[in-house]
Asks: 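Can you keep this structure in mind? I'll have questions shortly.
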Protein chains: 2
Amino acid sequence: MPTREHILQAADQLFYERGFESTSFTNIADTVGISRGNFYHHFKSKDDILEAVIALRTERTQAMLDHWEAQGGTPEERIRCFIHILIANRTKIMAHGCPIGTLSSELAKLDHSLLAQATSLFTLFRAWLARQFVALGRKKDADTLAMHLLARSQGVATLANAFHDKAFVQSEVDQMNQWLAAIAAGKQ
Amino acid sequence: MPTREHILQAADQLFYERGFESTSFTNIADTVGISRGNFYHHFKSKDDILEAVIALRTERTQAMLDHWEAQGGTPEERIRCFIHILIANRTKIMAHGCPIGTLSSELAKLDHSLLAQATSLFTLFRAWLARQFVALGRKKDADTLAMHLLARSQGVATLANAFHDKAFVQSEVDQMNQWLAAIAAGKQ
DNA sequence: GTCTATACCTGGATAGAC
DNA sequence: GTCTATCCAGGTATAGAC
């Protein structure tokens, strides 16, 4: 793997696991197996790495959403894909929270200039979910429903991280799926 | 105000607004109006300050819960007090998130020894809410309902912080109150 | 109890040899 | 493209005068 990609991948993981601020160049250098001085051939600054990491996550997220869309299936099934992330990633979520939520929170506290770009990762999901709810016939409140579902998954991620409770995650996912089914059936 | 209390109050606020790690002794010293060297007469270390801040928050939270309990009223009204925090503190929440949720997330990433004590702040709410749901006749799933409500409020706090959307907070609070009313009426 | 001065370390970042 | 050596700012923490 090219060094630049290798740095990016290590930074992506470390920023998630330890947070942006508390991840040092030394940490990344040790992971990648290069010297600290070599960074600046590939990136201007630590913020420059963060920007590239956010871009990488944006790309991957968009690809995932496109994939869910391309698979065919009903809007309900697509939204279920979103809900299912909590199950698929639950081990990581219990250990480190949601990568988007925790990064946004951290950058908000740091008053960091890249906060808006981190938040736009949320917007990707928000807009995609809203489109699915429109397809379910909820044109008027599609965005409200999208935000509602986003909020519930964020809350589950935060408490899963705090309490490390697998059963709680499963229970909440079940409830979200029930809620979604009621929406799809026009009963809510 | 005694200097120790003054330091504590400033640290409490700064840890909330800027995060624990990125708050420096210089920040606190400037706020309080003392020199950096003077800290160590009152606290052993920065972690020692954090421990005292968590203890302070625990005390205040417990007092608030006791107050809600002492006011009389139905369990439903008490739980409504909890939900109402999102409205009462919405300006701060939109700016800095939930003080408990963001601290827990940060300490989890730092792998900090005081994480468990921060998480116990959640437990205070969790146990109190569960007791109210028991009083509502939901003995069997009281804790599940408590965690559900806690998760929803955490999710709202995270997204309110990301999107700075007052109307979203209000909409979610309304939905939580409706959900609660259905529970109280035995319809859920 | 509060101050100044300072030690010591680690952070990000730079210069220049190879 | 990668390294070593180094700089400088800022962090926590300590010593000791007042």
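Letters go in sequence order (proteins before strands), and every chain restarts at 1. Quick caveat, the model's predicted, so the values are computed rather than measured.
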Asks: For A:Phe20 and C:dG11, what is the distance between atoms CZ and C1' respectively, to the nearest whole Å?
Replies: 12 Å

Asks: For C:dC3 and B:Asn38 - does any side-chain N or O of the residue sit under 4.0 Å from the phosphate oxygens OP1/OP2?
Replies: yes

Asks: What's the CD-C1' distance between B:Glu21 and C:dT10, to the nearest Å?
Replies: 12 Å

Asks: Less than 4.0 angstrom between a side-chain N/O of A:His42 and OP1 or OP2 of D:dT2, yes or no?
Replies: yes

Asks: C:dG1, OP1 or OP2 - any side-chain N/O from B:Thr3 closer than 4.0 Å?
Replies: no

Asks: What's the CD1-C1' distance between B:Ile34 and C:dT4, to the nearest Å?
Replies: 14 Å

Asks: Is any side-chain N or O of B:Ser24 closer than 4.0 Å to OP1 or OP2 of D:dG10?
Replies: no

Asks: Do B:Asn27 and B:Ser24 meet the criterion of a side-chain donor-acceptor pair at a distance under 3.5 Å?
Replies: yes

Asks: If I take atom CG in residue A:Asn27 and atom C1' in nucleotide C:dG11, what distance separates them, rounded to the nearest angstrom?
Replies: 11 Å

Asks: Decide whether a cation-pi geometry holds between A:Arg57 and A:Phe15; the criteria are a distance under 6.0 Å from NZ or CZ to the six-membered ring centre and an angle within 45° of the ring axis.
Replies: no

Asks: It should be established whether A:Ser35 places a side-chain nitrogen or oxygen under 4.0 Å from OP1 or OP2 of nucleotide D:dT2.
Replies: no

Asks: Do B:Lys109 and A:Thr102 have a side chain donor and acceptor closer than 3.5 Å?
Replies: yes

Asks: Are A:Phe25 and A:Phe43 near enough that their ring centres are under 6.0 Å apart?
Replies: no

Asks: Across the strands shown, which category fits B:Tyr40 at heavy-atom distances under 4.0 angstrom: base, sugar-phosphate, nothing?
Replies: base

Asks: Expressed in angstrom and rounded to an integer, what is the separation of B:Arg4 atom CZ from C:dT2 atom C1'?
Replies: 17 Å

Asks: Quick check on DNA chain C: between B:Gly33 and B:Arg36, whose nearest nucleotide comes earlier from the 5' end?
Replies: B:Gly33

Asks: What's A:Ser22 touching, base or sugar-phosphate or nothing? Going by heavy atoms closer than 4.0 Å.
Replies: nothing

Asks: Just the rounded figure in Å: distance from P of D:dG10 to NZ of B:Lys46.
Replies: 16 Å

Asks: In whole angstrom, what separates A:Leu50's CG from C:dA13's C1'?
Replies: 17 Å

Asks: Go nucleotide by nucleotide along DNA chain C from the 5' end; which of A:Lys44 and A:Thr26 gets its closest nucleotide reached first?
Replies: A:Thr26

Asks: How long is the line joining CZ of A:Phe25 and P of D:dC3, in whole Å?
Replies: 15 Å

Asks: Where does the angle between the aromatic ring planes of A:Tyr16 and A:His96 fall among parallel (under 30°), tilted (30 to 60°) and perpendicular (over 60°)?
Replies: perpendicular

